[in-house]
Amino acid sequence: MDMSYLLSLGILGHRSLLWYAGQGTRAAAIHPIHPHMEQGDNRKTSADSVVPIQQSQLKEWEDLQMNLRSQLQEHDDVGWAIDGLSKIGGLDIGFEDGTNRATAVLVVCEFQGRQLKLVYEDSVDVDMALPYTSGFLFVREIPAYEMLLQRLRGSAPHLEPDAYLVDGSGLFHPRQCGSASHLGIVHNLRTIGVAKKLLCFEDFDSEQGQRVEEQVLPNLGDSVPLVGRSGFTYGFAVRTSAARAKGPQDSMRRLYVSVGHRFSHTTARNVVLKCCNMDGGSYIPEPIRLADLTGRAIERAWKQIHTTSRPKTRQVIMDVSNLLDDKQRKTLLGILDEVGAESCALLSSISPESIKRKQATKDELFLPFQEMHPDVTVLELRAALRMEKPWAVDLRKASLCHQQAGRAMRGL
DNA sequence: GCGACAG
DNA sequence: ATCTTGTCGC
């Protein structure tokens with residue numbers, strides 16, 4: 001896939017809005033733009049330096065969505081069934097407090113019988129130049145997802161999943177092309193949209209929504225179709241957690257599942273349920289839950305040092321999360337303690353000779369990392385290394401020198 | 001008056 | 001995305 005598409009969407013600190021200038025502009029009529037979005041209705045964003053989105057820009061994005069919609073495959077691939085689902089990806093973005101910065105995460109889980117096991121994780125730093133706009137989530141999220149996809153293919157192509165769960169919706173969208181569909185169609189992936197909130201728009205308005213919300217779904221696996229005024233089925237509301245009559249709202253929570261691409265409604269729902277079947281667990285399907293947890297862990301670590309660190313230092317945390325497993329983080333932390341490094345000292349100031357460890361530990365862990373981040377402060381590195389990811393303790397990462405000094409996973 | 005919209 | 005409260009469980 002070409003990088004220009006990715007760059008043009010505004011990732012990597014860019015905010016160029018002029019893209020897809022020549023994309024097909026067909027006079028389709030699924031849904032026109034919402035009348036109340038006419039002018040600057042972007043005030044709800046919490047970001048500080050956000051560029052307002054022009055009306056003409058929204059029109060272009062709508063045209064793009066309608067164009068992609070015509071290529072959406074809302075049935076399973078012929079010859080493919082849910083039994084063929086071995087690895088499944090999860091995509092999610094976690095946000096920093098009130099800034100434009102965020103962390104996008106891709107995890108891959110593999111079925112081991114009924115259980116899902118984490119086999120891959122990767123995160124990228126995102127500078128959200130554009131404000132959140134309902135109906136146009138793809139603008140903010142897809143560039144980061146594409147970066148993650150590209151890195152997965154570069155560093156672990158054998159772990160590419162059979163399908164992806166995307167935090168957001170797919171067909172369940174005013175132009176029937178939410179971010180899950182968008183990603184799936186552009187990259188020919190099997191995708192499913194998983195939303196935690198009901199989306200309302202012209203054909204599926206609050207009245208239809210209320211009808212769905214009224215439905216009680218007493219048992220795990222129960223579902224009710226999301227049918228618009230037109231009769232079109234957008235997806236399903238699904239009860240994905242076990243029955244427990246405690247919190248009036250908590251365990252009753254449901255997911256709004258819709259086809260992203262290359263799935264039928266039924267299979268999409270079944271795949272999500274298959275990823276939720278953990279006994280007594282969360283109502284969030286495992287791949288998305290793990291991606292979410294990872295993003296939160298990274299933001300948590302950053303929060304401890306962000307007041308005194310340059311934004312560039314976020315990359316240290318990303319690298320620690322992406323490149324080091326639990327064991328390696330503990331080892332590095334032990335080394336920092338052992339040499340009694342001052343908090344304000346730079347990593348480059350630690351001489352390898354002062355470290356009493358196996359040579360292999362120095363060669364394959366300390367030295368490569370030191371070379372990667374010579375000017376990180378001991379204080380900052382400690383904060384990154386102390387990151388707790390209990391859900392990933394069993395996930396092993398290759399040694400740094402086998403990862404081309406991290407290049408493959410950093411997309412450099 | 002206040003509704004109302006994936007993340 | 002985020003704030004909240006109450007709740008259950010360890």
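Quick note on labels: first sequence line is chain A, next is B, and so on, each numbered from 1. Every value quoted in this text rests on a predicted model; they were computed, and no experiment measured them.
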Peer 1: Would you say the side-chain atoms of A:E96 and A:T99 include a donor-acceptor pair closer than 3.5 Å?
Peer 2: yes
Peer 1: Measure from the side chain of A:D92, starting at C-beta and using heavy atoms only, and say which of B:dG7, B:dC5, B:dA6 lies closest.
Peer 2: B:dG7
Peer 1: If stacking means aromatic ring centre less than 5.5 angstrom from the base's six-membered ring centre, planes under 30°, is A:Y132 stacked on B:dG7?
Peer 2: yes
Peer 1: For the pair made of CG in A:L130 and P in B:dA6, what is the distance, rounded to whole Å?
Peer 2: 17 Å
Peer 1: Please tell me if A:K197 has a side-chain N or O lying less than 4.0 Å from either OP1 or OP2 of B:dA4.
Peer 2: no
Peer 1: Using whole Å, report how far CH2 of A:W302 lies from C1' of C:dA1.
Peer 2: 19 Å
Peer 1: Output the rounded distance in Å from CG (A:L293) to C1' (C:dA1).
Peer 2: 16 Å
Peer 1: Under 4.0 angstrom, heavy atoms only, what part of the nucleic acid is A:S169 near: base, sugar-phosphate, or nothing?
Peer 2: base
Peer 1: From the set B:dC5, B:dG7, C:dT2, return the single nucleotide nearest to any side-chain atom of A:A195.
Peer 2: B:dG7
Peer 1: I want to check a possible cation-pi pair here: A:K274 against A:F111, using under 6.0 Å from ring centre and within 45° of the ring axis as the test.
Peer 2: yes
Peer 1: Which whole-number value in Å describes the distance from A:E96 CD to B:dG7 C1'?
Peer 2: 16 Å
Peer 1: With a 3.5 Å distance limit and no angle check, can you tell me whether A:D222 reaches the backbone of A:R239 through a side-chain donor-acceptor pair?
Peer 2: no
Peer 1: Between atom CD1 in A:I288 and atom C1' in B:dG7, what is the gap in whole Å?
Peer 2: 12 Å
Peer 1: What integer distance in Å separates A:H173:NE2 from B:dA6:P?
Peer 2: 11 Å
Peer 1: Measuring only between side-chain heavy atoms, which start at C-beta, is A:H173 closer than 4.5 Å to A:S181?
Peer 2: no
Peer 1: May I have the distance from A:Q208 (atom CD) to B:dA4 (atom P), rounded to whole angstrom?
Peer 2: 17 Å
Peer 1: What is the separation between atom CG on A:D167 and atom C1' on B:dG7, rounded to the nearest whole Å?
Peer 2: 7 Å
